[in-house]
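Positions are given from 1 along the sequence. Since we're looking at a predicted model, the values are computed, not measured.
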Amino acid sequence: MTTKKQQQRPPVIADVARLAGVSVPTVSRVLTGAAKVSEEKRQSVMDAIALLKYRPSAAARSVASRQSSVVAVIAGNTSRYGYAETIRGIEEAARARGYIVSITVVDSIEEDDVERAVSLVVGQDLAGIVALKFDAPGVAALQRLPEHIPTVAISGVRETQVPQAVLDESSAAAELTEFLLGLGHRTVHHVRVPPSRREDGRTTGWRRALRKAGAPIPPALDASWLPESGRAIGQALARDGSVTAVFCGNDEIAMGVIRGLADEGLRTPEDVSVVGFDNHPLSGLWTPPLTTAHQDFFGLGQRGFELLMARVSEEPGARRFSSERPALVIRESAAAPSTDRGRSDLTA
């Protein structure tokens with residue numbers, strides 16, 4: 001035996017029309033703003049919606065307005081900190097505007113993987129696309145997206161082809177490097193994460209700061225995205241007596257480097273200073289707490305979505321570029337160099 005409550009169904013647009021004493025098309029016009037409706041009828045519809053607690057579906061709004069309510073995000077990864085926070089910013093901004101977010105991952109830069117991911121994205125009924133250009137797969141996907149779909153890119157390096165929201169990684173990396181040089185280090189070694197192109201902003205900023213200071217420029221060392229790769233590099237750096245300061249491409253790699261140095265009996269920062277990038281939630285809890293650059297990935301995602309909405313709505317004179325500089329966060333992982341290290345010669 002079913003109860004009256006179990007028999008109830010969610011209200012539909014016809015129920016709103018019936019209660020308001022108007023036609024279904026009139027309710028649609030009120031909901032979408034597609035055409036003018038008298039204030040009396042509009043108020044009757046709004047009162048009926050409130051009384052019935054009616055919630056129009058995204059699909060219904062899309063059909064009524066002939067405009068999609070889906071925004072696609074295409075990215076090379078969704079699990080790493082910066083990616084996940086950026087996507088969270090996009091999703092929250094989209095939800096506040098009544099949009100749904102669809103996420104597609106590009107597995108690699110192989111042509112088949114890129115083509116498969118792009119086909120999945122453009123096969124949807126889309127309002128627009130946000131491409132996370134944090135890595136090589138994201139760059140490859142962005143280059144394959146059709147021009148007729150409104151698209152915005154998000155990354156740490158400015159490009160000119162599409163509207164873009166950026167975190168100025170180059171300036172922040174230069175500031176971190178200058179900070180270490182200011183502590184008295186002769187130079188700063190660099191462990192970079194996989195770049196999205198030949199060289200990303202973090203490496204460019206590091207190199208620029210060393211060149212400006214007239215400091216030796218050691219070869220950049222390549223880590224993978226796995227912190228364990230940083231540990232192996234840390235072990236190797238510990239055996240090089242010229243190393244007193246290390247700038248890592250992200251905080252997870254910095255944590256790995258610190259562990260590798262410790263494996264070889266070196267302390268941070270007493271023997272070797274180590275700084276990271278991103279201000280990962282664990283960076284302040286690590287031992288020692290990491291000096292790093294705070295990147296507002298959540299805000300980056302929101303800024304990217306707003307740039308996309310300006311394109312979707314075809315706002316006259318809309319901005320094509322939004323940039324924000326990461327902020328230096330000074331903690332305990334960097335100090336003046338030890339007098340026992342840094343004596344080996346470096347090739348500039």
Check: Is any side-chain heavy atom of Leu132 closer than 4.5 Å to a side-chain heavy atom of Ile87?
Finding: yes

Checklist line | Partner residues of Ser313 under the side-chain contact (heavy atoms from CB on, under 4.5 Å) criterion, sequence neighbours left out | finding: Glu315

Next item on the list: Among Ile, Leu, Val, Met, Phe, Trp and Tyr joined by side-chain contacts under 4.5 Å, find the other residues sharing a cluster with Ile109 and list them by chain and number.
Entry: none

Next item on the list: If a pair satisfies salt bridge (Lys or Arg N to Asp or Glu O under 4.0 Å) and one of its residues is in residues 210-226, list it, with sequence neighbours excluded.
Entry: Arg192-Asp222

Check: Which residue pairs pass the salt bridge (Lys or Arg N to Asp or Glu O under 4.0 Å) test with at least one member in residues 114-124, sequence neighbours excluded?
Finding: Asp113-Arg116, Glu115-Arg144

Note to self: Check this for me: does any side-chain nitrogen of one of Arg303 and Glu306 sit under 4.0 Å from a carboxylate oxygen of the other?
What the structure shows: no

Donor-acceptor contacts, no H, no angles, side chain residues 72-81, under 3.5 Å, sequence neighbours left out:
unit_1 : atom_1 : unit_2 : atom_2 : d
Asn77  : OD1    : Ser79  : N      : 2.7
Asn77  : OD1    : Ser79  : OG     : 3.0
Asn77  : OD1    : Arg80  : N      : 2.9
Arg80  : NH2    : Tyr83  : OH     : 3.3

Notebook entry, point to check: salt bridge (charged side-chain N to carboxylate O under 4.0 Å, His left out) with Glu39: which residues, sequence neighbours excluded?
Noted result: Arg42

Checklist line | Residue pairs involving residues 203-228 (criterion ring pair (Phe, Tyr, Trp, His ring centres under 6.0 Å); sequence neighbours excluded) | finding: His190-Trp206

Next item on the list: Name all residues meeting the salt bridge (charged side-chain N to carboxylate O under 4.0 Å, His left out) criterion together with Arg198; count only those two or more places apart in sequence or in a different chain, and write none if there are none.
Entry: none

Which side-chain N or O atoms in residues 268-278 pair as donor and acceptor under 3.5 Å with protein atoms at least two apart or in another chain?
unit_1 : atom_1 : unit_2 : atom_2 : d
Thr268 : OG1    : Val272 : O      : 3.4
Asp271 : OD2    : Arg267 : N      : 2.7
Asp271 : OD2    : Arg267 : NE     : 3.3
Ser273 : OG     : His185 : NE2    : 3.4
Ser273 : OG     : Ala335 : N      : 2.8
Ser273 : OG     : Ala335 : O      : 3.0
Asp278 : OD1    : Arg202 : NH1    : 3.3
Asp278 : OD1    : Arg202 : NH2    : 3.2
Asp278 : OD1    : Gln295 : NE2    : 3.0

Next item on the list: Sequence neighbours left out, what passes side-chain contact (heavy atoms from CB on, under 4.5 Å) with Gln143? Give chain and number order.
Entry: Val139

Check: Residues two or more places apart in sequence or in another chain: which of them pass side-chain contact (heavy atoms from CB on, under 4.5 Å) with Pro163?
Finding: Val152, Arg311, Arg320

Check: Looking just at side-chain N and O atoms, do His280 and Asp251 make a donor-acceptor pair shorter than 3.5 Å?
Finding: no

Next item on the list: State whether Arg325 and Glu175 are salt-bridged, where the test is any N-O pair (Lys NZ or Arg NE/NH1/NH2 against Asp/Glu carboxylate O) under 4.0 Å.
Entry: yes

Margin query: The criterion is side-chain contact (heavy atoms from CB on, under 4.5 Å); which residues satisfy it with Ala262, sequence neighbours excluded?
Written below: none

